[in-house]
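Given the structure is predicted, the values throughout are model-derived calculations rather than measurements. The residues of the chain are indexed from 1 along the displayed sequence. All ligand and atom numbering here is 1-based and tracks the order in the structure.
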Amino acid sequence: MKDTYLHKGLRKQLVQTLTSKGIKDDAILDAMFTLPRHFFLDKAFEEHAYEDKAFPIGNKQTISQPFTVAYQTQMLQVKKRDKILEIGTGSGYQAAILALLGARVFTIERQEDLYKKTKKLLNRIGLDRIRMYFKDGYKGIAEFAPFDGIIITAGADKFPDVLFQQLKVGGRMVIPFGKTDKKKMLCITKTEDGKMKVIQEGANFRFVPFLDGVNESSD
Ligand code: SAH
């Protein structure tokens, strides 16, 4: 896998686009400048890797648009060493950004094909410290709870109570939530008495759905 000056130049432009769309966190912009997004795309879409768009990654899923990744990550307010749970590993791009920010990343994917493919990729590019799980994200990972942050990268139409239980008091959960196709980006925290409090209501986004259960490989 090659990363060229051309790729770097395109990433610089992408970072400028993100800045013009309101992303202010320098650590996030640096991570997005550093990470070659074209590694995470199928060959057919590689040349479009630095457009601010979502692309198919197989199994009817998509790699999130760079703006969405930056927006969700900014809402999460990640600090170094934070234990972060991501739901919806997909291509692994969002997980890799979190790892570059110094987080200890746990990520769950329900599509076995994508899980296998992304596990290989993350190992190959030296991000094997990201802990990946093939399971239903609605269940979270109780044995590693509580998490400083939980980021859901699929559109939820029902609230994941079990995941909220696995959030630390004062932690942040970023979730695209709503009953229709358009999901509102919410940032939720847990108060001292264990209650849910919405701390930020963001913009609307379209996502692939947050589904129950797993989908095993057919091979
Ligand atoms: N974060 C990803 C975005 C992938 S799209 C990236 O950076 O590429 C959302 C992903 O969520 C899809 O791969 C989909 O299969 C997955 N997903 C949906 N419901 C899930 C669930 N219950 N548990 C785990 N993953 C889920």
>> I need the nearest protein heavy-atom contact for atom 11 (O) of ligand 1: residue, atom name and distance, please.
In response: Gly88 CA, 3.1 Å
> Taking only heavy atoms of Gln94, which atoms of ligand 1 are found under 4.0 Å from at least one of them?
Replying inline: 1 (N), 7 (O)
>> Quick check on Ala95 - does any of its heavy atoms sit under 4.0 Å from an atom of ligand 1?
In response: no
>> Within ligand 1, which atoms have a heavy atom of Gln111 less than 4.0 Å away?
In response: 15 (O)
> So Tyr93 and Phe40, would you call those rings parallel, tilted or perpendicular, with 30° and 60° as cut-offs?
Replying inline: perpendicular
> Taking atom types as modelled and ignoring hydrogens, do the side chains of Gln94 and Thr73 form a donor-acceptor contact shorter than 3.5 angstrom?
Replying inline: yes
>> Using ring centroids (six-membered ring only for Trp), state whether Tyr50 and His38 fall under 6.0 Å.
In response: yes
> Any idea which protein heavy atom is nearest atom 25 (N) of ligand 1, and the distance to it?
Replying inline: Arg110 N, 3.3 Å
> Identify the closest protein heavy atom to atom 18 (C) of ligand 1: which residue and atom is it, and at what distance?
Replying inline: Pro209 O, 3.4 Å
> Is the Tyr138-Phe210 ring centre distance short of 6.0 angstrom?
Replying inline: yes
>> Side chain, backbone, both or neither: which applies to Ile63 and ligand 1 if a contact is any heavy-atom pair less than 4.0 Å apart?
In response: both
> Got the closest protein heavy atom to atom 22 (N) of ligand 1, with its distance?
Replying inline: Leu211 O, 2.5 Å
> For atom 12 (C) of ligand 1, what's the nearest protein heavy atom and its distance?
Replying inline: Gln61 OE1, 3.3 Å
> Should you measure from each heavy atom of Tyr93, which atoms of ligand 1 turn up under 4.0 Å away?
Replying inline: 7 (O)
>> Between Asp3 and Arg37 (salt bridge meaning N to carboxylate O under 4.0 Å), is one present in this structure?
In response: no
> Using a heavy-atom cut-off of under 4.0 Å, does the side chain or the backbone of Leu114 touch ligand 1, or both, or neither?
Replying inline: side chain
> Between Tyr115 and Tyr133, is the ring centre distance below 6.0 Å?
Replying inline: no
> Cut-off 3.5 Å, side chains only: do Asp52 and Thr17 have a donor facing an acceptor?
Replying inline: no
Side-chain donor-acceptor distances from residues 150-158 under 3.5 Å, at least two apart:
{"from": "Thr153", "atom 1": "OG1", "to": "Ile87", "atom 2": "O", "distance (Å)": "2.9"}
{"from": "Thr153", "atom 1": "OG1", "to": "Gly88", "atom 2": "O", "distance (Å)": "2.9"}
{"from": "Lys158", "atom 1": "NZ", "to": "Asp212", "atom 2": "OD1", "distance (Å)": "3.1"}
{"from": "Lys158", "atom 1": "NZ", "to": "Asp212", "atom 2": "OD2", "distance (Å)": "2.7"}

> What protein heavy atom sits nearest atom 15 (O) of ligand 1, and how far away is it?
Replying inline: Glu109 OE2, 2.6 Å
> Does the side chain of Asp113 come under 3.5 Å of the side chain of Asn59 through a donor N or O and an acceptor N or O?
Replying inline: yes
> Which residue supplies the protein heavy atom nearest to atom 9 (C) of ligand 1, what is that atom called, and how far is it?
Replying inline: Thr153 O, 3.3 Å
> Quick one: does Glu109's side chain have a donor or acceptor within less than 3.5 Å of a partner on Gly90's backbone?
Replying inline: yes
> To which protein heavy atom is atom 4 (C) of ligand 1 closest, and what is the distance rounded to 0.1 Å?
Replying inline: Thr62 O, 3.0 Å
> So is Thr89 close enough to ligand 1, meaning a heavy atom under 4.0 angstrom away?
Replying inline: yes
>> Need the ligand 1 atom indices (1-based, order shown) with element for anything under 4.0 Å from a heavy-atom of Ser91.
In response: 6 (C), 7 (O), 8 (O)
> Is the closest basic N to carboxylate O distance between Asp181 and Arg206 below 4.0 Å?
Replying inline: yes
> If you count the atoms of ligand 1 from 1 in the order shown, which ones are under 4.0 Å from a heavy atom of Val208?
Replying inline: 5 (S), 9 (C)
